[in-house]
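Data block below; observations after.
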Amino acid sequence: QLQFVESGGGLVQPGGSLRLSCAASGFTLDHYAVGWFRQAPGKEREGVSCKSDGDGFTWYADSGKGRFTISRDSAKNVLYLQMNSLKPEDTGVYFCGAAVPGRGYVCSSGWGFGSWGQGTQVTVSS
């Protein structure tokens with residue numbers, strides 16, 4: 001069974017940094033498109049960043065370009081999201097998900113992604 005466990009969230013001041021981690025079990029990260037998604041209070045889940053299987057494609061939402069970096073450690077089977085210069089609007093619960101190889105997916109909305117973890121809360125506030 002494909003499972004993710006997210007960690008690394010917390011309370012940080014504007015301008016600060018966090019690195020989120022997503023440990024995968026039951027499958028090999030390299031074989032799947034994977035992504036980070038965010039759900040703010042009262043809003044639907046939205047894509048933050050995703051990578052195709054084999055790292056052929058990387059996508060970032062405009063809101064995170066230049067500030068966020070997605071990466072994966074194949075040896076540890078862990079997906080990361082390095083977030084710098086955090087803003088209050090980055091607040092939300094961050095999830096990671098995987099898309100089944102060979103099927104369509106949409107990074108911006110999370111369509112096609114599944115195996116969601118429990119999420120990790122990120123709060124950016126002074």
Side-chain angles (χ1 to χ4, degrees):
Q1 184 179 358
L2 281 62
Q3 285 188 321
F4 280 119
V5 177
E6 300 93 340
S7 61
L11 173 63
V12 62
Q13 292 187 340
S17 297
L18 284 174
R19 188 177 79 155
L20 306 184
S21 299
C22 185
S25 62
F27 68 107
T28 301
L29 269 180
D30 286 350
H31 298 166
Y32 288 75
V34 289
W36 284 97
F37 303 86
R38 172 176 67 212
Q39 188 161 21
K43 295 186 178 181
E44 294 191 356
R45 185 157 46 198
E46 61 180 355
V48 174
S49 179
C50 71
K51 293 180 75 70
S52 64
D53 55 302
D55 290 350
F57 168 79
T58 301
W59 173 89
Y60 293 97
D62 287 343
S63 60
K65 284 181 181 176
R67 300 188 298 124
F68 294 175
T69 303
I70 188 172
S71 62
R72 57 182 146 197
D73 186 325
S74 300
K76 296 180 179 179
N77 214 31
V78 176
L79 181 70
Y80 298 103
L81 183 68
Q82 177 67 44
M83 303 190 295
N84 300 325
S85 303
L86 283 162
K87 304 175 182 180
E89 51 264 42
D90 295 321
T91 294
V93 180
Y94 283 69
F95 301 87
C96 48
V100 177
R103 298 184 183 177
Y105 57 87
V106 179
C107 292
S108 58
S109 66
W111 182 87
F113 286 85
S115 301
W116 306 106
Q118 82 290 348
T120 186
Q121 176 71 45
V122 172
T123 302
V124 185
S125 175
S126 55

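- Residues Val122 and Arg38 fail the side-chain proximity criterion, which asks for heavy atoms closer than 4.5 Å.
- Salt-bridge annotation for Asp62 and Lys65: present, with a side-chain N of the basic residue lying under 4.0 Å from a carboxylate O of the acidic one.
- Two different hydrophobic clusters hold Trp59 and Val34 under the rule that ILVMFWY side chains link at heavy-atom gaps under 4.5 Å.
- Here OG of Ser63 is found 8.0 Å from NZ of Lys87. Values are rounded to the nearest 0.5 Å.
- Note that CE of Met83 is 5.0 Å distant from CG of Leu18, once rounded to the nearest 0.5 Å.
- Side-chain contact between Leu2 and Trp116 is absent, with no heavy-atom pair separated by less than 4.5 Å.
- In terms of heavy atoms, Thr120 sits closest to Gly8 at OG1-N, 3.9 Å.
- In terms of modelled atom types and a separation under 3.5 Å, the side chain of Gln118 and the main chain of Glu6 share a donor-acceptor contact.
- Minimum heavy-atom separation, Phe57 to Cys107: CE2-SG, 4.1 Å.
- Here the shortest heavy-atom pairing between Phe4 and Ala98 reads CE1-N, 3.6 Å.
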- prompt: What do the steps show when you test Cys50 against Phe113 for side chain to side chain contact (heavy atoms under 4.5 Å, CB included), and what is the final call?
  reply: CA-CA 10 Å; Cys50 71; Phe113 286 85; 4.2 Å; yes
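- Between Gly35 and Ile70 the shortest heavy-atom distance is CA-CD1, 4.4 Å.
- Taking NZ of Lys51 as the start and CG of Leu29 as the end, the distance is 11.5 Å to the nearest 0.5 Å.
- The closest donor-acceptor contact from the side chain of Thr123 to the backbone of Leu11 lies at 3.5 Å or more, if one exists at all.
- Between the side chain of Asn84 and the main chain of Ser17, no donor-acceptor pair closer than 3.5 Å is present.
- For the pair Asn77 (side chain) and Ser74 (backbone), a donor-acceptor distance under 3.5 Å is absent.
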message: With side chain to side chain contact (heavy atoms under 4.5 Å, CB included) as the criterion, how do Val48 and Phe68 come out once you've worked through the C-alpha distance, each side chain's angles and the decisive distance to 0.1 Å?
response: CA-CA 9 Å; Val48 174; Phe68 294 175; 3.5 Å; yes
message: What verdict does the side chain to side chain contact (heavy atoms under 4.5 Å, CB included) test give for Asp53 and Asp30, after you've listed the backbone C-alpha separation in whole Å, the side-chain angles of each residue and the deciding distance to 0.1 Å?
response: CA-CA 6 Å; Asp53 55 302; Asp30 286 350; over 6 Å; no
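- Of all heavy-atom pairs between Val93 and Gln121, the closest is CG2-OE1, 3.2 Å.
- Between the side chain of Ser126 and the main chain of Gln13, no donor-acceptor pair closer than 3.5 Å is present.
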query: For Thr69 and Leu81, what are the C-alpha separation, side-chain angles and deciding distance, and is it a side chain to side chain contact (heavy atoms under 4.5 Å, CB included)?
result: CA-CA 6 Å; Thr69 303; Leu81 183 68; over 6 Å; no
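- Residues Arg45 and Phe95 have side chains in contact (heavy-atom distance under 4.5 Å, counting atoms from C-beta outward).
- Interatomic distance, CD of Gln82 versus OG of Ser49, reported as 12.5 Å (0.5 Å rounding).
- The minimum heavy-atom distance linking Ser52 with Tyr105 is given by the pair CB-OH, 3.5 Å.
- Rounded to the nearest 0.5 angstrom, Arg67 CZ and Ser85 OG are separated by 7.0 Å.
- A heavy-atom distance below 4.5 Å is found between the side chains of Pro88 and Pro14.
- The aromatic ring centres of Phe37 and Tyr94 sit 6.0 Å or more apart.
- Between the side chain of Trp36 and the backbone N or O of Tyr80, at least one donor-acceptor pair lies under 3.5 Å.
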